[in-house]
Amino acid sequence: MKKIYAIGDIHGEYELFLEALENYDPKTMQLLLIGDVMDRGKESKRCFLKAKALVEKDKAIYLRGNHEDILAHFLKDPQNRLDNYLLNGGKETIESFLHKGALDEYSPIELASIWENYYPDLFPFLMARPFYYEYGDFIFVHAGVDFSQKDWKKTSPHDFMWIRTPFIEGKNNTGKTIVFGHTPTPQLYGDFITTDLFKEDHKIGIDGGAVYGGALHGVLFNSHEILRDDKFLKTAH
């Protein structure tokens, strides 16, 4: 069985993504991206296309995060969803896929139409992303699971991608350790500084808040424990 190399929320931080990939060996590791590959960061297009290529070439597991969800909703209903997308860091993604100033030049419908014309497989790819992945003693998921369900797999798609407080504060009754992104570890620690992995109640938070000046984590797992945590920080230019 291959080990899992799980990378936290990338959010357009391409250089950090490449650094993490240097520690990934496709011969011995299964790559897993926890979701939120794009938005907020300037190099969202490069991150997304790299992630997509890794899915197609190495069969990487790319989980659907809330930002993949927001983008899919925008492409499906641009007129009503553009404002929400922009509130969530979509400007950087739109400009990286099209060009700077595109938002001033085109209507929401035109933006989505141009985007899909150039990248026709984008929407189907987003919709095909899985919500979770099971491996040994672990569940990998973008945001978390609904502990009120007798079977965690009955968690709604929305909660797999978006849940926060009920998951973070709830008692893990799944019998598995849940590896998740979505909520940055500085927020989980409550000090808005600490970018280390968050570990509590068989939950492991791996979103180090890279796009906010924190860290990108690449974490190597075997079927029952963490073998290595690679932590990548932005270097000042």
Atom pairs and distances, donor-acceptor, side-chain atoms in residues 102-109, under 3.5 Å, two or more places apart:
| unit_1 | atom_1 | unit_2 | atom_2 | d |
| --- | --- | --- | --- | --- |
| E105 | OE2 | H99 | NE2 | 3.1 |
| S107 | OG | E110 | N | 3.1 |
| S107 | OG | E110 | OE1 | 3.4 |

**OP:** Please name all residues satisfying salt bridge (charged side-chain N to carboxylate O under 4.0 Å, His left out) with K57, sequence neighbours left out, ordered by chain then number.
**Re:** none
**OP:** Would you please name every residue forming a salt bridge (charged side-chain N to carboxylate O under 4.0 Å, His left out) with R228, sequence neighbours left out?
**Re:**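 Expected list: D230.
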**OP:** Taking atom types as modelled, find out whether T93 and D39 have a side-chain donor-acceptor pair closer than 3.5 angstrom.
**Re:** yes
Sub-3.5 Å donor-acceptor pair from the side chain of [X] to the main-chain atoms of [Y], do we have one?
X    : Y    : answer
H11  : M38  : yes
T155 : V145 : no
Q149 : S156 : no
R64  : G35  : no
E68  : G65  : yes

Is any side-chain heavy atom of [X] closer than 4.5 Å to a side-chain heavy atom of [Y]?
X    : Y    : answer
L122 : E116 : no
Q30  : Y5   : no
I114 : F97  : no
D207 : L188 : no
Y85  : L111 : no
T195 : P186 : yes

I'd like to check the side chain to side chain donor-acceptor pair (under 3.5 Å) partners of [X]; sequence neighbours left out, ordered by chain and number.
X    : result
Y132 : none
D191 : T194
H142 : D36, N66, H182
E134 : K153

**OP:** Measure across G218 and F232 and return the closest heavy-atom pair with its distance rounded to 0.1 Å.
**Re:** N-CE1, 4.2 Å
Subject >> D146/K154 salt bridge by N-O under 4.0 Å criterion >> reply: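 Between D146 and K154 there is no salt bridge, as every charged N stays at least 4.0 Å from the carboxylate O atoms.
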Roughly how far apart are [X] [atom1] and [Y] [atom2], rounded to 0.5 Å?
X    : Y    : atom1 : atom2 : value
S96  : E43  : OG    : CD    : 8.5 Å
L71  : F123 : CG    : CZ    : 9.0 Å
T174 : I139 : OG1   : CD1   : 4.0 Å

Original post:
Taking the hydrophobic residues Ile, Leu, Val, Met, Phe, Trp and Tyr, and joining any pair whose side-chain heavy atoms are under 4.5 Å apart, which ones share a cluster with Y212?
Top reply: V211
Subject >> Residues clustered with Y135, ILVMFWY side-chain links under 4.5 angstrom >> reply: M1, I4, L32, I34, I61, L63, Y133, F138, F140, V179, L197, I204, I206, V219, F221, I226
Original post:
Quick one: salt bridge (Lys or Arg N to Asp or Glu O under 4.0 Å) pairs with a partner in residues 82-99, sequence neighbours left out?
Top reply: K91-E95
Original post:
Where do W152 and N172 land on the side chain to side chain contact (heavy atoms under 4.5 Å, CB included) test, with the steps shown first?
Top reply: CA-CA 10 Å; W152 65 265; N172 182 359; over 6 Å; no
**OP:** Would you mind listing every ring pair (Phe, Tyr, Trp, His ring centres under 6.0 Å) that reaches into residues 13-40, with sequence neighbours excluded?
**Re:**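 Counting only pairs at least two positions apart or across chains, no ring pair (Phe, Tyr, Trp, His ring centres under 6.0 Å) contact touches residues 13-40.
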**OP:** Applying side chain to side chain contact (heavy atoms under 4.5 Å, CB included), name anything that partners N84, two or more places apart in sequence or on another chain.
**Re:**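 Scan of N84 (side chain to side chain contact (heavy atoms under 4.5 Å, CB included), adjacent residues dropped) gives I70, R81, N88.
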**OP:** Compute the ring centroids of Y119 and F48, then answer whether they are less than 6.0 Å apart.
**Re:**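 That pair fails the under 6.0 Å test.
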Subject >> side chain to side chain contact (heavy atoms under 4.5 Å, CB included) evaluation trace for K50 with L18 >> reply: CA-CA 9 Å; K50 182 72 175 174; L18 291 185; 4.2 Å; yes
Within a radius of less than 6.0 Å around [atom1] of [X], do more than 12 heavy atoms belonging to other residues, nucleotides or ligands occur?
X    : atom1 : answer
K176 : NZ    : yes
K2   : NZ    : yes
K3   : NZ    : no

Subject >> Verdict with reasoning, K231 to D196, per side chain to side chain contact (heavy atoms under 4.5 Å, CB included) >> reply: CA-CA 8 Å; K231 189 174 178 182; D196 297 346; 2.7 Å; yes
**OP:** Check the pair I7 / L216 against side chain to side chain contact (heavy atoms under 4.5 Å, CB included), numbers first and verdict last.
**Re:** CA-CA 7 Å; I7 297 178; L216 182 68; 3.9 Å; yes
